[in-house]
Amino acid sequence: MANKKIENKKNEELVSVFIPKQSRNDTERFVAVNGERILVQTGKTVEVPKRFAEVIKNSEAMAAVAAKYIDANISI
């Protein structure tokens with residue numbers, strides 16, 4: 001949602017998040033919470049409702065756990 005204000009229908013607190021780009025063509029990330037969905041721009045700090053920020057935070061944490069597991073179990 002490049003340069004568009006995310007609708008905040010529930011007057012929920014907005015939180016700043018940053019999602020790093022994984023490649024040159026990675027411009028946005030799909031995020032869903034209980035059937036509500038948004039596209040969050042990558043490579044920039046953007047404001048999103050708190051419920052979506054929590055999903056992004058949890059996703060980043062699980063990606064770190066997965067990377068650590070892969071590193072620990074790689075066989076050379």
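Any value given below was found using the heavy atoms of this structure, including those in side chains, with hydrogens, waters and symmetry copies removed. The chain is numbered in sequence order, starting from 1.
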Kindly write out the residues that satisfy side chain to side chain donor-acceptor pair (under 3.5 Å) with Thr45, not counting sequence neighbours, or none if the list is empty.
-> none
Do you reckon Val33 sits in the same ILVMFWY cluster as Val40, going by side-chain contacts under 4.5 Å, direct or chained?
-> yes
Taking only residues at least two apart or on different chains, which pairs with a member in residues 16-27 satisfy salt bridge (charged side-chain N to carboxylate O under 4.0 Å, His left out)?
-> Asp26-Arg29
How is the hydrophobic cluster of Val65 composed, in terms of its other members, when Ile, Leu, Val, Met, Phe, Trp and Tyr link through side-chain heavy atoms under 4.5 Å apart, directly or indirectly?
-> Met62
Thr42 and Glu28: side chain donor to acceptor below 3.5 Å = no
Count the heavy atoms of every other residue, nucleotide or ligand shown that sit under 6.0 Å from CD of Glu60, and state whether that count exceeds 12.
-> yes
Find the distance between NZ (Lys50) and CG (Leu14) and round it off to the nearest 0.5 Å.
-> 11.5 Å
Residues at least two apart in sequence or cross-chain that pass side chain to side chain contact (heavy atoms under 4.5 Å, CB included) with Ala32, listed by chain then number, are Phe30, Arg37
For Lys57, the salt bridge (Lys or Arg N to Asp or Glu O under 4.0 Å) test, sequence neighbours excluded, returns none
